[in-house]
Structure formats: C-alpha cells, structure tokens
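Working notes for the structure below.
Chain naming here is simple, since letters A, B, ... match the order of the sequence lines and numbering starts at 1 in each. Values reported hereafter were calculated over all heavy atoms of this structure, with side chains retained and with hydrogens, waters and symmetry mates removed.
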2 protein chains.
Amino acid sequence: MLLSDQAGQTAAPKIPRPATLRESVIEAIQELIVSGQLKPGQHLVESELAELLGVSRQPVREALQQLSGEGWVDLHPGQGAFVHVPTVEEADQLLAVRALLETESARLAAKHAGEDGVRRLRDLCARGIAAVQSDDVDGAVATNSELHALVTALSGNKVLAELAAQVARRVRWYHTPVARQRGMASWDEHTSLIDAIEAGDERRAAKIMREHTEHTRASYMEQRENEPAEPAPAPVRRRRPRRLG
Amino acid sequence: MLLSDQAGQTAAPKIPRPATLRESVIEAIQELIVSGQLKPGQHLVESELAELLGVSRQPVREALQQLSGEGWVDLHPGQGAFVHVPTVEEADQLLAVRALLETESARLAAKHAGEDGVRRLRDLCARGIAAVQSDDVDGAVATNSELHALVTALSGNKVLAELAAQVARRVRWYHTPVARQRGMASWDEHTSLIDAIEAGDERRAAKIMREHTEHTRASYMEQRENEPAEPAPAPVRRRRPRRLG
DNA sequence: TTTTGGTCGACTGCCTACAGCATACCGTTT
DNA sequence: AAACGGTATGCTGTAGGCAGTCGACCAAAA
C-alpha cells in the first residue's frame, strides 16, 4: 500500500514542526498583550522585544507586521509599532461582525454537517461543560473557541471559516475577562445550537447563534459599564524620552 | 488660529508619504499577480523579485508575508512563497462571504447614512455610468470598488468596512475579467440601492445588495462554465529544477 | 525496474551592520 | 515668557551576509 493512499483518511500526524522563530515570536507577543504585560498604547521597540525574547530584530519585525494585520498592534511608518488601544466602540463593532459571520456559519453548518461533525460538536461541548464545572476558566474559554471554530468549519465555506477565526482571535482579547460571568448559561446555548444543527434546522441554528453572540456582547457591554475605570486616558507616549544627561 | 483647530474639519491633506518600500512592493506584486505576469502556483523567489523591483530581499520578504495574510500567496515554511491557486470552489465561497458582508453593510448604511453620504454615492454612481458608456472597463471596475467601499464606510462599522474591503480586494482578482459582460445592468442596480439607502429602507437595501452580489456571482460562475480551459492542472513546481550541468 | 542512500545546488531563515529620519532637548532670539 | 532654530540621539527602514535545510539529481543495491 502506498502511503499516499491513506493520506487524508486519518488526522495527519502533524509532526510538531519546530515552528519558525517568527511564529513563536507572534505567539509570545500576543501572550504578552493579553496578559497585560504590554499595555495598550505602549510603544513596542523592536530591539527591546528582540532582547527580551532572545532573538534578533528581524523575526520581531515580521511578527509585528503580522500582528498589525490582525489588529493587535498599530504600525506607524517611520515611527514604530504600538499596542492597539481597544475602544468600547470597536469592541461593539467587532462583536457585531462576529455575530454576523457566526450566524451564517451556524446556518450553513445546519445545512451541511453530517453525523461525524455533530459527534465532534457534542464531544467538545462535554469538555467545555466539564471545564466550567471544575472552575477551569482558561480551559472553558479555549474549548469555547474550539467549538465555534468547528461550527465555522462545518459550514463548508473555508473562506468564511478563516475570516471568522481571525475575528474570533481578536474577540478573545476582550472576551477572556468576561468568560467567568457568562459561565454555564453559555454552554446550555451551545447544546441547543448543536441540537438544531443535528436536526438540520437552518433557521433555528441561525437564530440560536445570533442570540448566543448577542448575549456575549451584552455581557461584555454590561461589564464595561461596571468598570469604566479606564486607568489612564492613554498617555500614548510616542517615543521614549531621552535619558536625562 | 492654532493648526490643531482645523484638524479633522477638512479632509486631511494626506501628504503623499513616500510610502515605505514594503508597501510599494506589496502593490507591485499584487499588480504582477492580477496582470498575470506571475502565474498561479508559481514559486516566488525572493532574490529574483528583489532584483526585478530593484530593492533588497527584506522588503520583499515582508511584502510576501503580508500578501500571504490576505490570501494572495501561500507561504510554505522553509520552502518559500507561491502564488495562490484560485479554485472555482474558493471563488464561489469568497463571493458568498462578500454577499454576506455587503448585504449587512447596505442594511446599516440605510440606517445611518445622511444626506452627505447619499450625495457622494450618487456622484460615484454617475462616474461609473459615464465610464461604462465610454467603454472604460478599468475605470468602471475601479469606480465600482469605490462605490462598494463607500457603502461599507457608511455602515458606520469600521471593522465591517475593513473586512469587506479585504474581501473585495481578493474578489477583484476574479472579478475584473467578468466586468465587461455585466456592463450597464450593474449600475442600474446601484441606482436602486442608493434610492433605498436614501429612503432609509433597511430591508430593501439589504435585498437589493444581496441580489446584486448574487448576480455578480452568477455571472462569474457562468463565465467559468463557458471557458473551463484551465490552461494547465497546476504543475505546481515547488522548487526550480537544477540547471542541467 | 523499483527502492535506497548520498551529494550538490539553491533558497529560505536569521543575524549583523549602516544610513536616514523623527523626536526630544537646549540655547538663543523676539 | 513664548517661539524659533540647532544639535544630539534613539529608532526605524534597508542592505548584505552566513548557516541550515529542503529538493533535485544520480548512483548503487535489491
């Protein structure tokens, strides 16, 4: 039997490629941003990040450019990279777009998903519920992303899935802190969503997904109301001041 | 009067920044791709592009990475960049996503657009019709893009507009050749779309936009039917063969 | 003939180095 | 006191260079 005969049948082994430095740097910087070590508006000096991460400037530059494309940092030509300052308005718009993309994904998933897809959905849902019950917030958030990603994948539209994934990554930045308060309710909605997909009921799947994303959005806006404690009105320091001499 | 007083009142001067080399290279490569000088599946060798464009490898590298993020080229780690091979299936999916995004944009535009916005729409529409009547295909396509971009901008959702723009750029790659056959009909639809937006009729605006984009899609698929003359089933040459020696 | 091992060439990924620009600082002028 | 011009410096944008790696090709073995 030729090896190519079984290609695509089972999940590819996906040997853990020693990913390029650039990709590692991207993930590292994202982590620094979501964890708050890099604050919104902060000037990201290439050489400093390079030293911090133990690499040279080149991979850092490339990472910053990619991150700029995904909305994590803003690139000012000739001036450098700055951590994107997320506004409430933008979060609202982002969540609206996510709602749009995921609603359509759910509709298409209900149309195209087969038994196998539904089984994987149920599996993920169970994992998510387990995570919530054991107070594993990070795990719950991760599983939530996986589930939404799977729904978009089941839509059968790869372009749509890719776009939704991109938007979802950005949403996650805002989303993580509110995940705790949504808690279990979110997973009940997931369950009924999967029911609708299994039944092939496009309208119901779309409706549930729209309401689901709207709930998340409302939850976010509500949390924002409660803590309008913007630490600082963004003292966007564009350049490091010279050391006094 | 301080200079800052008039900031934002008139359109910013937008001094024609001698844009970074990277951006120039991006546009140059996009042009090479849409014009067909770089064929789908072709291996893009950094040093060759660098010499061709008269710059060093670095800006080329960065340009290729950004283009990969937008779906123009595929990046295979350790192997290089290849011009993306567009499939019919993908074009269909892309057009479907565009329909989704633009339909929502139209709906929101009807909700939020003011007099000024409508005036600018009518202006663009007139320019487009003039272009068609004088057989200026390139001008018509460009104006078409501008008009759609303005509709998304009038939606008031910047994230949505940005995403729609990204999708539209990719669509344009496929779209240009079919523009001729759509011709005038397209602009009649634009006119009724603007009427609906002016009237603030969300449902009608959305409906017209959906039908409009569906027409474009149907037109594309039809053209594809007539010329399934895929020159070659993508002899995806992954590496340049060694010079015989 | 098909498979296996080895060599060569080419290209990518990364690092280092340099030139130009933009900002901050500071003395001078109005 | 405020505005202006000169100067120093940190940082970006770009170039060039080196090592590692992947594929093509070829020869030998099964």
Side-chain angles (χ1 to χ4, degrees), chain A residues 1-5 15-29 41-68 73-83 235-245, chain B residues 1-4 15-29 38 41-68 73-83 235-245:
Chain A
M1 182 173 90
L2 292 177
L3 191 63
S4 56
D5 285 346
I15 298 172
R17 287 295 233 143
T20 64
L21 262 191
R22 170 167 47 102
E23 287 180 56
S24 310
V25 171
I26 289 175
E27 289 180 25
I29 295 180
Q42 181 174 346
H43 184 192
L44 299 179
V45 180
E46 296 174 357
S47 51
E48 287 184 9
L49 282 175
E51 191 179 11
L52 178 67
L53 301 175
V55 299
S56 100
R57 273 181 57 207
Q58 170 111 346
V60 173
R61 271 183 71 80
E62 297 179 351
L64 288 175
Q65 283 168 27
Q66 182 145 342
L67 289 171
S68 139
V73 307
D74 297 320
L75 235 43
H76 294 230
Q79 204 171 337
F82 300 81
V83 179
V236 190
R237 195 171 257 168
R238 320 228 89 181
R239 204 40 95 105
R240 159 163 314 175
R242 175 195 290 182
R243 301 191 197 102
L244 37 87
Chain B
M1 180 172 91
L2 291 177
L3 192 61
S4 56
I15 298 172
R17 285 294 232 149
T20 66
L21 264 190
R22 171 168 48 99
E23 287 180 55
S24 310
V25 171
I26 289 175
E27 290 180 26
I29 296 180
L38 299 179
Q42 180 174 348
H43 184 193
L44 299 179
V45 180
E46 295 174 359
S47 50
E48 287 183 8
L49 282 175
E51 190 180 8
L52 177 67
L53 300 174
V55 298
S56 98
R57 271 180 58 209
Q58 173 102 352
V60 173
R61 272 183 69 81
E62 297 178 352
L64 288 175
Q65 283 169 25
Q66 182 144 341
L67 288 171
S68 137
V73 307
D74 297 319
L75 234 45
H76 295 232
Q79 203 171 338
F82 299 82
V83 179
V236 190
R237 198 172 256 169
R238 319 228 90 180
R239 202 45 94 102
R240 162 161 313 177
R242 175 194 290 181
R243 300 193 197 101
L244 36 85

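Every residue two or more places apart in sequence or in another chain that forms a side-chain contact (heavy atoms from CB on, under 4.5 Å) with A28(B) is listed here: L53(B). Residues satisfying the side-chain contact (heavy atoms from CB on, under 4.5 Å) test with E23(A), not counting sequence neighbours, are A19(A), T20(A). With sequence neighbours left out, R61(B) forms a side-chain hydrogen bond (donor to acceptor under 3.5 Å, both in side chains) with E62(A), E46(B).
Going from atom CG of L64(A) over to atom P of dC11(D) covers 14 Å, rounded to whole Å. Rounding to whole angstrom units, CZ of residue F82(A) and P of dA22(C) are separated by 13 Å. For H43(A) and dT9(D), the NE2 to P distance is 19 Å, given to the nearest whole Å.
Each end of the helix from dT1(C)-dA30(D) to dT30(C)-dA1(D) gets its own axis, taken as the rotation carrying the C1' atoms of four end pairs onto the next four within a five-pair window, and the two axes meet at 20° to the nearest 10 degrees.
Minimum heavy-atom separation, A81(B) to H43(B): O-CD2, 3.3 Å. In this structure, A63(A) and V25(A) approach most closely via the heavy-atom pair CB-CG1, 3.6 Å.
Ring orientation note: the planes of F82(B) and H76(B) are nearly perpendicular, at an angle over 60° on the 30°/60° scale.
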Taking only N/O atoms, report every protein-nucleotides 13-15 of chain C pair under 3.5 Å with atom names and distance.
from	atom 1	to	atom 2	distance (Å)
dG13(C)	OP1	G78(B)	N	3.0
dG13(C)	OP2	R61(B)	NH1	3.1
dG13(C)	N7	R57(B)	NH2	3.0
dG13(C)	O6	R57(B)	NH1	3.1
dC14(C)	OP1	L21(A)	N	2.6
dC15(C)	OP2	S56(A)	N	3.0
dC15(C)	OP2	S56(A)	OG	2.8
dC15(C)	N4	Q58(A)	OE1	3.4

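The CG atom of L64(B) sits 6.0 Å away from atom CG of L44(B), with the distance rounded to the nearest 0.5 Å. Between the CD atom in Q66(A) and the CZ atom in R22(A) there is a gap of 6.0 Å [rounded to 0.5 Å].
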